[in-house]
Every structure is written in structure tokens, then in C-alpha cells.
Undergrad: 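After the C-alpha cells below, expect a handful of questions from me.
Remember, it's 1-based here, ligands and their atoms both numbered in the order they're listed. Numbers here simply count residues along the sequence, with the first being 1.
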Amino acid sequence: MAVSPTHRLQDQVVIVTGAGSGIGRAGALAFAHAGAHVLAVGRRADALRQTAAGHSGIAVLPADITGEGAPQAVVDAAVERWGRLDVLVNNAGATTVMPLADADAQRIGDLFALNVTAPSLLARAALPYLRAGRGAIVNISSTFGHRPLPGAAHYAASKAALEQLTRSWALELAPGGIRVNALAPGPTESEALAAAGLPDAVVEQIKQEETARIPLRRRGTHEEVATWIVHLADPAATWITGQILTVDGGLELT
Ligand SMILES: NC(=O)c1ccc[n+]([C@@H]2O[C@H](COP(=O)([O-])OP(=O)(O)OC[C@H]3O[C@@H](n4cnc5c(N)ncnc54)[C@H](OP(=O)(O)O)[C@@H]3O)[C@@H](O)[C@H]2O)c1
């Protein structure tokens, strides 16, 4: 008899960073609907509470994951609450529009602290628990983790780093039964562009240009991305590790 993903994720413990909006919120809800206990992490407590209002299986932890000691505190919070940790979803991330002529050490450092260092330290803190339960890590990259992005090269570079961490950790952790995969979404509706500080008119222009380039002629929804985060984390995906799954309406082919 086929077993549905719902049964396999029942009572598993999942951390989702950046769960107060966009892809992270949809991911937290998707895991909770599949029966998992979810710790939703992000800086804005009110945004996290809105996520948690969508399902009783979601608990919140307001935290800046780039803060000193924060990655360990996030993992400790999940383990103290539920006694185990099965899945780490490194979703929190940011975009920085920064042509080379404007390259700035502080901005580069901040971007890599969030997109590369924090996921690394979260994964390190999660390691003993993932080993104990033969768990999984899902890193959220971007189609620009393996495509050039003029004008935002450091964002692309930070996601390329995350993809290489994914492949390297997959090999490093395979002997312990831990699977490590990444999802590379194409342009998806979210607050990311606005969060990058771009004016509304510019955000709208970027969205229209992206839509025109996507073969399926629309940007993705959070749910269309979240469903694949859950699939990669699903214990049934037992023989998939080190993969970067692109979910982008066909953009990769253009
Ligand atoms: N939307 C797209 O088109 C797209 C495409 C490819 C890849 N992605 C990737 O998908 C992921 C999710 O992005 P999204 O589109 O859903 O954008 P989003 O709505 O801006 O989500 C990013 C989340 O990260 C959280 N966050 C930011 N800095 C943080 C910090 N220091 N500590 C803890 N949480 C932090 C934010 O919450 P707080 O501000 O409350 O902390 C926010 O909820 C990102 O890694 C992004 O690069 C997005």
C-alpha cells in the first residue's frame, strides 16, 4: 500500500527559517499540514504569529539568525520543545541589488552572514540531532545560484555558495544517513524585492520583465515552491541527496 507524505512526516520536527513570510511561511504550513511539528523562525514576531495562526502544529521563535549564538539557540529551542530534530530548512535569505561599482564590504558581509554563514551554523548545531534521526537539510537557493545575475552578483554568488555547501555536505554527511538537498526557485511572489529596498515602481518593472522571460508566463506561488521543500525533506526521498532542484516555470531552459 502506498504511504502518503502526510504519514511519513507525522510528528517529525522541522525548523523553517524565514517563516514569517513568502516561501518560508508556505513551507511551515505545508509541513504542519503533513503532520510535522514546526518551529517557525524569523525576526518579526508578529509575522511569525500570523504564520502560526494558520496551523496549531507551528510554534514560533523570533530570532535574528545572524546573531551571536542564535543558530544554536534556534536548534536548542526545537529540541527542548519536542525532544528531537528531523529537518532543517534554511530558507531565510535576502537579495541585495549591488552593481560592482557600488560593491561595499559591509553589505557583502551582511549578505553572506545571512545567506551562507547562518545556514552553515544552523546545520552545525542541528548535526547531532539529524544524525540521531537520519534527518535531512533543505537549503533554499535560487535559479541565480547557478545562473549569472548582473547587478546583483553577490546575491548570485551567495546562492552558488549555498549550492556548493549542499553538494559537499551531502557527501560529508552521507555516511551518517543525513540527506542534504537544495531547492532553486525561480521568480516567486514574495516580499523579497521590496525587502531589498527597491521602490514599488522598480519592483513592478522587475516582476513584469521576469514574467515575460518565464516560459510558463507567470511568476511562481509560494505554495508551488513549498510543496517541493516538503518532498525533498520527506523521509520517502531516501535515495536523493546532493541535488539542486530547480522549480521555475521553465526559466532554466531559456
Ligand atoms: N521570491 C523569489 O522570487 C525567490 C526566488 C529564488 C529564491 N528565493 C529565496 O527564497 C528564500 C525565501 O525568500 P522569499 O521570497 O520568501 O522572501 P521573503 O518573504 O523576504 O522571506 C525572507 C524571510 O527571511 C527572514 N529573514 C531575513 N533576515 C533574517 C534574519 N537575519 N534572521 C531571521 N530571519 C530573517 C524574513 O523575516 P524577518 O524580516 O521577519 O526576519 C523573511 O520572512 C530566500 O532565501 C530567497 O533568497 C526567493
Undergrad: Give the residue and atom name of whichever protein heavy atom lies nearest to atom 22 (C) of ligand 1, and the separation in Å to one decimal.
TA: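 Heavy-atom neighbour on the protein nearest atom 22 (C) of ligand 1: G93 O, 3.7 Å.
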Undergrad: Could you tell me if any non-hydrogen atom of S141 lies under 4.0 Å from any atom of ligand 1?
TA: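 Per 4.0 Å heavy-atom rule, S141 contacts ligand 1.
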Undergrad: Within the structure, does R219 bring an N/O atom to less than 3.5 angstrom of an N/O atom in ligand 1?
TA: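 N/O-N/O distance under 3.5 Å: no.
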Undergrad: How close do T51 and I58 get, counting heavy atoms only, and between which atoms?
TA: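 Heavy-atom minimum between the residues: O-CD1, 3.8 Å.
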Undergrad: Below 4.0 Å from ligand 1: does a non-hydrogen atom of E210 turn up there or not?
TA: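 It does not, in that no heavy atom of E210 comes within the 4.0 Å cut-off of ligand 1.
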Undergrad: Against H154, only a single residue in T96, I108, D104 fulfils side chain to side chain contact (heavy atoms under 4.5 Å, CB included); can you say which?
TA: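 That would be I108; it is the only one of T96, I108, D104 passing the side chain to side chain contact (heavy atoms under 4.5 Å, CB included) with H154.
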Undergrad: Work out which heavy atom in L88 is nearest to a heavy atom in A126; give both atom names and the distance.
TA: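 Heavy atoms only, the tightest pair is CD2-CB, 4.4 Å.
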Undergrad: Of all the non-hydrogen atoms in the protein, which one sits nearest to atom 18 (P) of ligand 1, and at what distance?
TA: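 Of the protein heavy atoms, S21 OG, 3.5 Å lies nearest.
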Undergrad: Do the rings of H37 and W82 sit parallel, tilted or perpendicular, given the 30° and 60° boundaries?
TA: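 Parallel: the ring planes of H37 and W82 meet at under 30°.
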Undergrad: How about Q106 and D110: does a side-chain donor come under 3.5 Å of a side-chain acceptor?
TA: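 Result is yes, a qualifying pair exists.
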Undergrad: For atom 23 (C) of ligand 1, what is the closest protein heavy atom, and at what distance to 0.1 Å?
TA: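 For atom 23 (C) of ligand 1, the nearest protein heavy atom is G18 CA, 3.6 Å.
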Undergrad: Tell me, which protein residue and heavy-atom name are nearest atom 6 (C) of ligand 1, and how many Å apart are they?
TA: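 The protein heavy atom lying closest is P185 O, 3.1 Å.
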Undergrad: Charged N to carboxylate O below 4.0 Å: is that the case for E189 and K207?
TA: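 Looking at K207 together with E189, the answer is yes, because their closest N to O distance falls below 4.0 Å.
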Undergrad: State the CZ-CG distance between R84 and L130, to the nearest 0.5 angstrom.
TA: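 If I round to the nearest 0.5 Å, the distance is 10.5 Å.
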Undergrad: Can you find an N/O atom of S142 closer than 3.5 Å to an N/O atom of ligand 1?
TA: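 So ligand 1 has no N or O lying under 3.5 Å from an N or O of S142.
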Undergrad: Side chain, backbone, both or neither: which part of P187 comes within less than 4.0 Å of ligand 1 when only heavy atoms are counted?
TA: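 Backbone only; the side chain of P187 stays clear of ligand 1.
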Undergrad: Give the contacting part of L114 toward ligand 1: side chain, backbone, both or neither, where contact means a heavy-atom distance below 4.0 Å.
TA: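 Looking at L114 and ligand 1, just side chain atoms fall under 4.0 Å.
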Undergrad: Considering only protein heavy atoms, which is closest to atom 37 (O) of ligand 1, and at what distance to one decimal place?
TA: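 Protein heavy atom with the smallest distance to atom 37 (O) of ligand 1: R44 NH2, 3.5 Å.
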Undergrad: Looking at A28 and A19, what are the two nearest heavy atoms and their distance?
TA: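 Nearest heavy atoms, A28 then A19: CB-CB, 4.2 Å.
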Undergrad: Does ligand 1 have an atom under 4.0 Å from some heavy atom of Y155?
TA: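 It does, in that a heavy atom of Y155 comes within the 4.0 Å cut-off of ligand 1.
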Undergrad: Which residue owns the protein heavy atom closest to atom 3 (O) of ligand 1, what's the atom, and how far is it?
TA: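 For atom 3 (O) of ligand 1, the nearest protein heavy atom comes out as T188 N, 2.7 Å.
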Undergrad: Of all the non-hydrogen atoms in the protein, which one sits nearest to atom 26 (N) of ligand 1, and at what distance?
TA: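 Here the closest protein heavy atom is A92 CB, 3.9 Å.
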Undergrad: If we only count N/O pairs under 3.5 Å, is R43 in contact with ligand 1?
TA: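 Checking ligand 1 against R43, an N or O pair does fall under 3.5 Å apart.
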Undergrad: Hey, could you give me the CG/CZ distance between L251 and R219, rounded to the nearest 0.5 Å?
TA: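 Result: 11.0 Å between the selected atoms.
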Undergrad: Do any N/O atoms on I23 end up under 3.5 angstrom from N/O atoms on ligand 1?
TA: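 Indeed, backbone or side chain, I23 has an N or O that close.
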Undergrad: Would you say K159 has any N or O atom under 3.5 Å from an N or O of ligand 1, going by distance alone?
TA: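 Among all N and O atoms of K159, at least one is under 3.5 Å from an N or O of ligand 1.
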Undergrad: My understanding is that we take every heavy atom of each candidate and find the minimum distance to atom 44 (C) of ligand 1. Doing that for N91, I65, I140, which one comes out nearest?
TA: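 Closest candidate by heavy-atom distance is N91.
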Undergrad: Decide whether the shortest distance between a heavy atom of A118 and an atom of ligand 1 is less than 4.0 Å.
TA: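 The answer is no, since A118 has no heavy atom less than 4.0 Å from ligand 1.
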Undergrad: Is there a heavy atom of A63 sitting under 4.0 angstrom from any atom of ligand 1?
TA: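 It does; at least one heavy atom falls under 4.0 Å.
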Undergrad: Return the minimal non-hydrogen interatomic distance between V89 and V14, and the atom names on each side.
TA: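 Scanning both residues, the minimum pair turns out to be CG2-CG1, 4.2 Å.
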Undergrad: A quick test of your reading: do over 12 heavy atoms of other residues, nucleotides or ligands sit less than 6.0 Å from CH2 of W228?
TA: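 At most 12 heavy atoms, drawn from other residues, nucleotides or ligands, come within 6.0 Å of this atom.
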Undergrad: Classify the contact between R25 and ligand 1 as side chain, backbone, both or neither, using a heavy-atom distance cut-off of under 4.0 Å.
TA: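 No part of R25 is near ligand 1 at this cut-off.
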Undergrad: Is there a side chain to side chain contact (heavy atoms under 4.5 Å, CB included) between I229 and I23 once you walk through the steps?
TA: CA-CA 9 Å; I229 301 176; I23 293 167; 3.8 Å; yes
Undergrad: Does A47 come within less than 4.0 Å of ligand 1, judged by its heavy atoms?
TA: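 In this structure, A47 fails to qualify as a contact of ligand 1 - no heavy atom is under 4.0 Å.
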